[in-house]
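Taking it in order: structure first as structure tokens, then the write-up.
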2 protein chains.
Amino acid sequence: MGTPAAFGPLERADALCVRRGVRLTPQRRRVLAILCSASRPLGAYEILEAMRDGSRPLAPPTVYRALDFLLEQGLVHKLESLHAFIGCRHPDHPHSGQFLICRTCGLVTELEDEAICESLRSAADETGFRPERRVVEVLGVCACCVGKGVEG
Amino acid sequence: MGTPAAFGPLERADALCVRRGVRLTPQRRRVLAILCSASRPLGAYEILEAMRDGSRPLAPPTVYRALDFLLEQGLVHKLESLHAFIGCRHPDHPHSGQFLICRTCGLVTELEDEAICESLRSAADETGFRPERRVVEVLGVCACCVGKGVEG
DNA sequence: CTGGCTGCTGTTATACTGTAGCGTTATCGC
DNA sequence: GCGATAACGCTACAGTATAACAGCAGCCAG
Ligand SMILES: [Zn+2]
Ligand SMILES: [Zn+2]
Ligand SMILES: [Zn+2]
Ligand SMILES: [Zn+2]
């Protein structure tokens, strides 16, 4: 059929950026690819390391600038408590997700829980606070690691 | 009468540490005092600067060690999104609060909202995740700044 | 075509945040 | 006192992030 069986996150990012009239340049796309193929959040300097193909020694601003763009476009999230970045699992609409972060295996689960959003919204409303960005990160041990008794 | 009219956060911290059998040493108390008297969150190096009375040039580990202790005892909180620290407003029982952070005036409001806690707990429960530490920080513009039209 | 403008990239240098390691000093139980 | 432990001071360094400037490509008005 005309539509491929599955679009990966990169193809969806391409389409999204076209629709928004912004440029997902090769460098930016590369950073996004690295983050999406990683099984855990990566620090900026880990991304930098992963971008060295062959010989060229890239500098920090390169990756930080790409990350700034990807964050603005909601294609990746920053995990403040880890100083690390992760590809967004549903970037089609802008959002600031909630994250469950396993300290044992490094697994990160992104949520978009309406009850959490609503409770934050109503708490802010009560004080007249106007929210712009929400950071919600729960650190602990994931179900899998609890089951294995790895929890320490 | 026997009881002073008002106990400040320092006196309450003293009592708390005695009860717990831990030592609120002069260095630690000093850091706590600086944080409690500040009108906004302070970075570790700002605290360091504030601790230089007269001549002695203190080194970073001094303040980081004091902060580690105060964090363990729940007397201060770390704001991950600002890399800064703030004194807790109700340290009597251990908790990880929620914070409304104004990007305009720097004001930080600490909440302990049961609806937020409950929604986080139930989201974690659904996936079998065992929470240990919660980071909830909402960045935006406080009511006061919105009223003044300073919001940018 | 030309020249200016804008946005992206490369590079150097540096600022800011946090820790390892080690020796000394204070504190506490005995 | 005396040994064990906790706290402190210090040097050095690791990790995270940004400022500032230069080059280059594309786009568009003139
Ligand atoms: Zn997301
Ligand atoms: Zn796990
Ligand atoms: Zn608190
Ligand atoms: Zn404000």
Side-chain angles (χ1 to χ4, degrees), chain A residues 13-14 17-18 20-35 40-73 75-86 106 135 137 139, chain B residues 13-14 17-18 20-35 40-73 75-86 106 135 137 139:
Chain A
D14 287 330
C17 288
V18 167
R20 291 179 187 167
V22 296
R23 296 172 52 198
L24 187 60
T25 64
Q27 291 279 39
R28 293 166 175 175
R29 198 169 193 276
R30 187 111 186 283
V31 170
L32 181 58
I34 289 167
L35 282 176
R40 60 179 181 82
L42 297 180
Y45 281 70
E46 286 181 299
I47 298 171
L48 199 55
E49 183 61 26
M51 289 182 76
R52 312 184 52 169
D53 60 342
S55 53
R56 42 178 166 168
L58 286 183
T62 302
V63 66
Y64 278 105
R65 281 191 287 230
L67 286 169
D68 285 345
F69 172 86
L70 296 170
L71 287 167
E72 272 170 25
Q73 297 302 321
L75 296 169
V76 308
H77 295 292
K78 175 168 191 180
L79 301 176
E80 295 287 350
S81 60
L82 300 183
H83 303 276
F85 303 85
I86 189 173
V135 175
E137 301 172 17
L139 296 95
Chain B
D14 286 330
C17 289
V18 168
R20 291 178 186 167
V22 296
R23 298 170 52 200
L24 187 61
T25 64
Q27 291 278 38
R28 294 166 175 174
R29 198 169 192 277
R30 188 109 185 282
V31 170
L32 181 59
I34 289 168
L35 282 176
R40 59 178 182 83
L42 298 180
Y45 281 70
E46 286 180 299
I47 298 170
L48 200 54
E49 183 61 26
M51 288 182 77
R52 312 185 52 169
D53 60 341
S55 54
R56 44 176 164 167
L58 285 184
T62 301
V63 65
Y64 278 106
R65 282 193 285 233
L67 286 170
D68 285 345
F69 172 86
L70 296 170
L71 287 167
E72 272 170 25
Q73 297 302 319
L75 296 169
V76 307
H77 295 291
K78 174 167 191 180
L79 300 176
E80 295 286 351
S81 60
L82 300 184
H83 304 277
F85 303 85
I86 189 174
V135 175
E137 300 173 17
L139 296 96

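Chain letters run A, B, ... following the sequence lines, proteins first, then strands; residues in each count from 1. Model, not experiment: these values are computed from the prediction. Heavy-atom basis, side chains included; hydrogens, waters and symmetry copies ignored.
Mapping B/R23 and B/A44 onto DNA chain C by nearest heavy atom places B/A44 at the nucleotide closer to the 5' end. Nearer to the 5' terminus of DNA chain D, by closest-nucleotide assignment, is the contact made by B/P60 (compared with the other of A/A84 and B/P60). Toward the 5' end of DNA chain C, the nearer of the two residues A/P26 and B/E46, judged by each one's closest nucleotide, is A/P26.
With a 4.5 Å cut-off on side-chain heavy atoms, A/L71 and A/K78 count as touching.
Between the CG atom of B/L58 and the C1' atom of C/dT19 there is a distance of 17 Å, rounded to whole Å. As a whole-Å value, the separation of A/E80 CD from D/dA17 C1' is 12 Å. Rounded to an integer number of Å, the gap from A/D68 CG to D/dT16 P is 16 Å. When the P atom of D/dG9 is taken as reference, atom CZ of B/R28 falls 11 Å away, rounded to whole Å. Taking atom CD of residue A/Q27 and atom P of nucleotide C/dT11, one finds them 10 Å apart after rounding to whole Å. Between the CZ atom of A/R29 and the P atom of C/dT9 there is a distance of 14 Å, given to the nearest Å. With rounding to whole Å, A/L48 atom CG is found 12 Å from C/dG10 atom C1'. For B/L67 and C/dT19, the CG to C1' distance is 14 Å, given to the nearest whole Å.
B/S81 and B/E137 share a donor-acceptor pair across their side chains, judged by distance under 3.5 Å alone.
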| said: Let's go through B/R65 and B/Q27 carefully: what are the C-alpha distance in whole Å and the side-chain angles of both, what is the deciding distance for side chain to side chain contact (heavy atoms under 4.5 Å, CB included) to 0.1 Å, and is it a yes or a no? | reply: CA-CA 10 Å; B/R65 282 193 285 233; B/Q27 291 278 38; over 6 Å; no
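Contact between the side-chain N/O atoms of B/T25 and the OP1/OP2 oxygens of D/dA6 is not found at any separation under 4.0 Å. Note on B/K78: every side-chain N or O is 4.0 Å or more away from OP1 and OP2 of C/dT17. Taking 4.0 angstrom as the limit, B/H83 places a side-chain polar atom (N or O) nearer than this to OP1 or OP2 of C/dG18.
The heavy-atom pair separating B/C17 from B/F69 by the smallest distance is SG-CZ, 4.2 Å.
For B/Y45, taking side-chain heavy atoms from C-beta onward, the closest of the listed nucleotides C/dG18, D/dT18, D/dC8 is C/dG18.
Not a single donor-acceptor contact under 3.5 angstrom links the side-chain atoms of B/Y64 to the base of C/dA20. Counting atom types as modelled, B/R65 pairs no side-chain N or O with a base atom of C/dG18 as donor and acceptor under 3.5 Å.
Salt bridge A/E46/A/R40: present, at least one basic N to carboxylate O contact under 4.0 Å.
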